[in-house]
> 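So that we are looking at the same thing, I have put the structure below in structure tokens.
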Protein chains: 2
Amino acid sequence: MGEQAEGRIADAPAAARVSDAPPAARIPDAPIGARVPKYYRLKQELRQEIGQLSPGMAIPTERVLSTRFAVSRTTVRQALHELVVEGQLQRFQGRGTFVAPPKLTQTLQLTSYTQDIAASGRRPTSRLLDAAVVPAPSDVATRLELRVDAPVQRLERLRLADDEPMAIEAVYLDAERFAGVGDAMLHSSSLYALLREQYATVLVRAEETIETVLASPSEAGMLDTGTGLPLLLLTRTSWDEQDRPVEYVRSLYRGDRYRFVANLSRPA
Amino acid sequence: MGEQAEGRIADAPAAARVSDAPPAARIPDAPIGARVPKYYRLKQELRQEIGQLSPGMAIPTERVLSTRFAVSRTTVRQALHELVVEGQLQRFQGRGTFVAPPKLTQTLQLTSYTQDIAASGRRPTSRLLDAAVVPAPSDVATRLELRVDAPVQRLERLRLADDEPMAIEAVYLDAERFAGVGDAMLHSSSLYALLREQYATVLVRAEETIETVLASPSEAGMLDTGTGLPLLLLTRTSWDEQDRPVEYVRSLYRGDRYRFVANLSRPA
DNA sequence: CAGTGGTCTAGACCACCTC
DNA sequence: AGGTGGTCTAGACCACTGT
């Protein structure tokens, strides 16, 4: 990161000040008509400095930034946290803070996942985390038009692209209609191919929702990110040619690494 | 997906303890194989209590929770913050913390915005924040297939539903092709109607992206939320029947209040 | 005015990584 | 061992909302 910051004195309306602090760097002053917290001005300053750097480069440690800008480490951490959430920085415990690569764009479309990733020039893999027949919880039952506690096959997978964890995906299927699909998935990587070839089922439409949730500690661990960081939760219900619901999928993507794109056309 | 923690006493591996603290309430113990911070266990505990309450009801103040659970106010705030981000609580400076109403679902479709909201039984309004012809920044120029700095009409509106701020929307149009559209919008509320009636332009397809960003202080002010809270940024490029790009739109929605849904069909 | 959430400080200990 | 980010504490002052 550069050497000096531009702008004038910080420390806007409030707060006790250490009287004899060294000149240190400056974070931009608060503008007039708006209330701008110190951590936010620091964030803007850091954002600009980060813009000059390349992905993967390390930035100074929290303690260094704290002294350089003459603010507490808490304030530095608040600024860094927001830059992490926005996908500009990545932090690793014990290692440091680094400039993040740009976000990746994932298309919402009714085709094979594997196919999508490969089309973007990356190597798709997946790790089966869990495959079990369980009683349908109410949301799953509703989506699949089954009764609550009806047996459903749950398939939980960690999706990777170029070996980087990309999403945690849980698929639910009617365990009676798709008997044995759990075992079959132990040796197959494409659920859609399996549905087509073994169950003569083709998906023709889907409804997908997107919202923001936060990573639990275990989710954060699997996605190699921090607890409490925003994730994008995609849920998808897909129907076959007879308009029967076939799959209900919940996928969690890192919000700092992915954006989604949908193609819309005029309603018929 | 998700996880649970049962159990008793808090204060897992670390931290100095006030020796004579009152019995206080308990937050669930940390489970074995995972590292679960105290604020996260508190969050889970609070999440459960909130589940029993109705939207709009007040919860205890930060200082009360702090003593009740025998943790610092910082820890309480971290737990509350995550519940706010997840849309379970709403905080208002000077007033208190309240149970939030459920998220609203907004459909991604190529029809009038106003129409969409009305269809969901709410009253759509909008406030024109700004209408100016400006030189196209590079991203706008790219999307509209214009040269950088070509004149574009910018229309910035605050969208409301039942008088609640819903989104900040900035639309960009080719100022030469749609000359006068800025003035016309002063007296019209529907851009799409205006395009159809005054410019004989009908939109037939669009590409929409969704990603997470954070609220700046001014955005937070307009959306009546907090600085640094996650927003969903939707960008949309729409094309007419001749496949010319017509509009480029950037909309910011509160991530704690909205989710989005898209309908997909088998690619042709 | 008292009480709320919002910001900020200074310092401590922890878990984790690299050397 | 030493340094990193992650968590937590106790306390302060602020801006804002209600009375």
Side-chain angles (χ1 to χ4, degrees), chain A residues 10-19 21 27 30 33-43 58-67 69-84 89-98 215 217 220-221 224-229, chain B residues 10-19 21 27 30 33-43 58-67 69-84 89-98 215 217 220-221 224-229:
Chain A
D11 212 7
R17 283 290 266 117
V18 174
S19 42
I27 47 182
R35 199 153 317 283
V36 179
K38 192 187 279 190
Y39 77 84
Y40 189 82
R41 302 198 303 276
L42 175 58
K43 173 187 167 190
I59 70 163
T61 70
E62 296 176 352
R63 287 159 178 90
V64 167
L65 291 173
S66 165
T67 50
F69 289 101
V71 298
S72 76
R73 194 180 149 214
T74 305
T75 301
V76 169
R77 279 184 60 77
Q78 195 165 0
L80 292 180
H81 173 74
E82 294 202 358
L83 290 166
V84 167
L89 292 176
Q90 287 181 298
R91 292 197 278 195
F92 300 96
Q93 182 168 143
R95 288 204 277 145
T97 304
F98 305 86
D224 198 21
T225 185
T227 298
L229 283 178
Chain B
D11 212 6
R17 283 291 266 115
V18 175
S19 42
I27 47 183
R35 198 153 317 284
V36 178
K38 192 187 281 192
Y39 77 83
Y40 189 83
R41 301 198 304 275
L42 175 57
K43 173 187 167 189
I59 70 162
T61 70
E62 296 176 352
R63 287 161 178 90
V64 168
L65 291 172
S66 164
T67 51
F69 289 101
V71 298
S72 77
R73 196 180 146 213
T74 306
T75 301
V76 170
R77 279 183 60 76
Q78 195 166 359
L80 292 180
H81 174 75
E82 294 202 358
L83 290 167
V84 166
L89 293 176
Q90 288 181 299
R91 290 197 279 195
F92 301 96
Q93 180 166 145
R95 287 205 276 146
T97 304
F98 305 87
D224 198 21
T225 186
T227 298
L229 283 179

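Just so we're clear, the structure is a prediction, and the values are computed from it rather than from any experiment. Every chain is numbered from 1 and lettered A, B, ... according to where its sequence line falls, protein lines coming before strand lines.
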> Would you list the protein and nucleotides 17-19 of chain D atom pairs, both N or O, that sit under 3.5 Å from each other?
none

> Starting from the C-alpha separation in whole Å, work towards a yes-or-no answer on side-chain contact (heavy atoms from CB on, under 4.5 Å) for A:Thr97 and A:Leu83.
CA-CA 11 Å; A:Thr97 304; A:Leu83 290 166; over 6 Å; no
> Tell me: CG of B:Asp224 to P of C:dG5, nearest whole Å?
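Answer to the nearest Å: 16 Å.
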> Does D:dT7 have OP1 or OP2 under 4.0 Å away from a side-chain N or O of B:Thr75?
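It does not, given that no N or O in the side chain of B:Thr75 lies less than 4.0 Å from OP1 or OP2 of D:dT7.
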> Between C1' on C:dT4 and CD1 on B:Ile59, what's the gap in Å once rounded to a whole number?
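From B:Ile59 CD1 to C:dT4 C1': 12 Å.
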> With a non-hydrogen cut-off below 4.0 angstrom, is B:Thr97 in contact with a base, only sugar-phosphate, or nothing?
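Sugar-phosphate only.
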> Take atom NE2 of B:His81 and atom C1' of C:dG5, then tell me their distance rounded to the nearest Å.
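That distance rounds to 14 Å.
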> Is a donor on one side and an acceptor on the other found under 3.5 Å between the side chain of B:Arg41 and the backbone of B:Val36?
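Present.
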> In whole angstrom, give the distance that lies between atom CZ of A:Phe92 and atom C1' of C:dA15.
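Checked: the CZ to C1' distance equals 16 Å.
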> If you check every side-chain atom of A:Thr61, which of D:dT4, C:dC8, D:dC8 has the closest atom?
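Selected nucleotide: D:dT4.
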> Could you tell me how far apart A:Tyr40 (OH) and C:dC8 (C1') are, to the nearest whole angstrom?
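So the two atoms are 19 Å apart, to the nearest Å.
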> Please round to the nearest 0.5 Å and tell me the distance separating atom OH of B:Tyr40 and atom OG1 of B:Thr75.
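Reported value, rounded in 0.5 Å steps: 16.0 Å.
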> Are B:Tyr39 and D:dT7 close enough that a side-chain N or O sits under 4.0 Å from OP1 or OP2?
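So the side-chain polar atoms of B:Tyr39 do come within 4.0 Å of the phosphate oxygens OP1 or OP2 of D:dT7, strictly under.
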> Without decimals, in angstroms, what is the distance between A:Phe98 CZ and C:dC17 P?
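Rounded to whole Å, this separation is 12 Å.
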> Expressed in angstrom and rounded to an integer, what is the separation of A:Lys43 atom NZ from C:dT7 atom P?
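Result: 12 Å.
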> Does C:dG6 have OP1 or OP2 under 4.0 Å away from a side-chain N or O of A:Lys38?
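It does not, given that no N or O in the side chain of A:Lys38 lies less than 4.0 Å from OP1 or OP2 of C:dG6.
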> As a test of reading the structure: which of C:dG6, D:dG5, C:dT9 is closest to the side chain of A:Ser72, going by heavy atoms?
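Looking only at heavy atoms from C-beta outward on A:Ser72, the closest nucleotide is C:dT9.
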> Would you indicate, yes or no, if C:dG3 has its OP1 or OP2 atom less than 4.0 angstrom from a side-chain nitrogen or oxygen of B:Arg63?
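No, B:Arg63 has no side-chain N/O under 4.0 Å of OP1/OP2 on C:dG3.
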> Where the side chain of B:Arg77 is concerned, which of D:dC8, C:dC8, C:dG6 is the nearest nucleotide?
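It is C:dG6.
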> side-chain contact (heavy atoms from CB on, under 4.5 Å) for B:Gln90 and B:Arg95? Distances and angles first, verdict last.
CA-CA 11 Å; B:Gln90 288 181 299; B:Arg95 287 205 276 146; over 6 Å; no
> Under the criterion side-chain contact (heavy atoms from CB on, under 4.5 Å), I'd like the reasoning laid out for A:Leu229 against A:His81: C-alpha separation, chi angles, the key distance, then a yes or no.
CA-CA 9 Å; A:Leu229 283 178; A:His81 173 74; 3.9 Å; yes
> Could you work out, with salt bridge (charged side-chain N to carboxylate O under 4.0 Å, His left out) as the rule, every residue matching B:Glu82, not counting sequence neighbours?
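So B:Glu82 forms a salt bridge (charged side-chain N to carboxylate O under 4.0 Å, His left out) with B:Lys43.
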> Nearest 0.5 Å, please: how far is CZ in B:Phe92 from CG in B:Asp224?
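Separation between the atoms: 6.0 Å.
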> Pick the closest DNA chain C nucleotide for A:Val76 and for B:Arg73 by heavy atoms, then say which residue is nearer the 5' end.
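It is B:Arg73 whose nearest nucleotide is closer to the 5' end.
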> Rounding to a whole Å, what distance do you find between B:Glu62:CD and D:dC14:C1'?
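Spelled out: CD on B:Glu62 to C1' on D:dC14 is 14 Å.
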> Nearest of C:dA10, D:dA10, C:dC13 to any side-chain atom of A:Thr74?
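Between C:dA10, D:dA10, C:dC13, the one nearest the side chain of A:Thr74 would be C:dA10.
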> Can you give me the closest heavy-atom contact between A:Pro217 and A:Thr227, atom names plus distance?
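For A:Pro217 and A:Thr227, the tightest heavy-atom pair comes out as CA-OG1, 3.3 Å.
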